[in-house]
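Shown next, in structure tokens, is the structure this report addresses.
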Amino acid sequence: MAPPRVRFAPSPTGYFHVGSARSALFNWFVARQSEDGVFILRIEDTDEDRNREEWVDGIISAMDWLGLHADEGPFRQSDNKVAHEVSVTTLLDAGYLYYCDCTGEDVAARKGDNKTPGYDGFCRTRALARAANTALRFTTPHDGVTIVRDLIRGDVEFANSTIDDFVVAKSSGAVLYALANVTDDRNDEITHVIRGEEHLSNAPKQMMLWSALNEVTAHDVALPLYAHLPLLVNEQRKKLSKRKDPVATESYRDQGYLPQAFVNYLALLGWSPRGDEEIVPVEILIEQFRLEDVSHSPAFFDVKKLAHMNGEYIRALSIDAFIDACTPWVNPWASAWRPSDRAPLWAEADFDAELFARVAPLVHERVATLGEVPAMVQFFFADAVTFDEAAFTKAIGNDPLGQSMLKSALVRFENATWASSVLHEVVLEVGESLGLVLRKAQAPIRCAVTGSLVGPPLFESLEILGRERTIERLRAALERLP
RNA sequence: GGUCCCAUCGUCUAGUGGCCUAGGACAUCACCCUCUCAAGGUGGAGGCACGGGUUCGAAUCCCGUUGGGACUGCCA
């Protein structure tokens with residue numbers, strides 16, 4: 001069997017949609033399963049009104065982030081305009097196309113309550129010549145059926161009578177999606193068209209186009225195998241919307257999701273690896289993936305599960321790899337890439353890479369995304385503590401015992417051996433002398449030093465922070481009192 | 001409205017006629033661990049949309065109902 005040639009063909013009209021990312025991934029799986037499989041990236045940028053160059057960059061960089069590297073491309077569909085026009089001319093000469101000057105209103109008015117939707121073929125026999133306001137339509141057959149052999153869904157049958165004479169070229173001359181896409185797929189000798197289910201109803205039209213082109217040109221290309229992936233939906237079970245839903249793949253990178261985790265999660269949407277284990281390395285995903293096993297029903301993109309998996313991937317990182325991965329978030333000044341829209345929580349001069357290396361193990365087990373790290377380690381780097389006022393009030397402001405804890409600890413810390421185990425012991429003892437169990441005793445100290453009641457292990461943190469800064473903060477907290 | 005797709009715990013799924021008293025994962029609840037928060041461990045609750053068939057036997061096959069969705073552009 002010939003090696004698969006697949007393509008991912010996004011249109012650059014917005015952020016890189018997670019659904020698109022999954023389509024790209026499943027295409028990529030198919031290509032990587034064969035020694036000679038080819039994964040093509042084709043940017044479908046023929047709608048000049050809606051495309052923006054920055055979206056193209058977004059797609060390419062996000063795919064790069066995910067490790068979905070194209071074997072061929074990125075190509076621009078707009079570079080293939082000549083080929084598209086050749087298709088138009090060929091089809092026109094062969095009598096498949098006709099000019100139509102109906103406006104949208106005309107079509108709607110004539111449709112009335114006609115059962116058959118869309119265009120009624122009014123201009124088919126009018127033999128219009130090309131004019132400034134004429135679009136080109138494809139003559140679809142009235143009889144028979146077109147069967148889409150879908151690898152995922154089986155045979156899907158469309159009565160040709162339900163398919164209207166669709167427009168293939170605008171009056172401006174611009175060639176539309178259906179034909180442009182088919183022309184490029186033929187020229188790229190695509191073997192598998194793997195895309196979202198929203199394209200299923202395009203498939204019969206494209207098959208008609210493909211077959212017509214086969215008939216009238218010397219370039220006979222076997223029809224591709226189709227596979228229409230189930231949609232990704234939101235909680236309302238609607239197709240994920242660019243406007244309302246968090247669908248930008250780029251934003252997941254910004255939040256500190258690991259590409260491996262993201263890929264793994266995406267693979268679980270509409271498909272599942274063998275066995276009970278869901279955390280599966282990409283090589284195994286590639287090995288086990290089969291289009292035939294893809295589910296038929298829409299899937300909800302569950303950020304909670306993604307976050308959980310990301311946490312697992314983070315914890316599986318060696319501490320050095322974790323430190324490296326954190327760099328864009330904790331030390332954006334030293335990193336080629338930095339998450340957008342994230343102001344650093346401390347000044348560049350305050351960051352200390354060696355200090356972070358000591359702190360990292362403390363937070364490694366505690367975050368689900370890398371984006372959570374800065375807030376968790378802020379107190380190590382920032383000059384002054386940023387207090388959670390509610391926490392301060394609870395543990396210190398309104399608690400005389402908490403204030404006593406601070407005062408006693410201040411004294412004991414002056415001379416204590418500066419090691420976490422000793423500090424632990426000291427706080428335990430001071431607490432006991434005030435009738436406080438350790439969980440109560442540590443709270444005011446944690447709050448004074450970190451500004452919060454939750455955070456990394458306290459005594460290890462104190463050890464790393466050092467005696468001087470710790471004492472300084474204990475004093476500062478006491479001074480905040482009225 | 002028309003065409004098409006879909007239907008297993010709240011969510012993602014396993015299941016391809018007997019292995020199902022329906023398995024796993026996330027979320028959730030309880031307990032354990034514990035300096036906070038996590039992580040981790042143990043356990044619990046939770047599902048085959050409904051109705052008819054076919055069959056000795058159905059989550060699995062067929063039909064219908066209901067429900068959801070996509071498309072219905074001189075967008076892709």
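Note on naming: letters A, B, ... go to the chains in the order of the sequence lines (proteins, then strands), and numbering restarts at 1 for each one.
Among the protein residues, A/Arg237 comes within range of the sugar-phosphate backbone only, with heavy atoms under 4.0 Å from sugar or phosphate atoms but none that close to a base. Nucleic acid contact class of A/Lys238 (heavy atoms, under 4.0 Å, all strands): sugar-phosphate only.
A cation-pi contact links A/Arg137 to A/Tyr119, judged by a cut-off of 6.0 Å to the six-membered ring centre and 45° from its axis.
Side-chain rings of A/Phe301 and A/Tyr252 approach one another, their centers coming within less than 6.0 Å. Between A/Tyr96 and A/Phe138, the distance separating the two ring centers is shorter than 6.0 angstrom. For A/Phe413 and A/Trp418, the ring centers sit closer than 6.0 Å to each other.
For A/Lys305 against B/A25, a side-chain N or O and a base N or O form a donor-acceptor pair under 3.5 Å. In this model, a side-chain donor or acceptor of A/Ser171 finds a partner on the base of B/C74 within 3.5 Å. Taking 3.5 Å as the limit, the base of B/A76 and the side chain of A/Asn181 contain no donor-acceptor pair of atoms between them.
The nearest whole Å value for the distance from the CD atom in A/Glu235 to the P atom in B/C26 is 19 Å.
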Sub-3.5 Å pairs of nitrogen or oxygen atoms, protein against nucleotides 13-15 of chain B:
| from | atom 1 | to | atom 2 | distance (Å) |
| --- | --- | --- | --- | --- |
| B/U13 | OP1 | A/Gly270 | N | 2.6 |
| B/U13 | O2' | A/Ser272 | OG | 3.3 |

What does the B/S/- profile of nucleotides 35-48 of chain B look like, 5' to 3', with a 4.0 Å heavy-atom cutoff to protein?
BBBBSS--------

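The phosphate of B/C5 (OP1 or OP2) has no side-chain N or O of A/His296 nearer than 4.0 angstrom.
B/G51 and B/G46: their C1' atoms are spaced 25 Å apart (whole Å).
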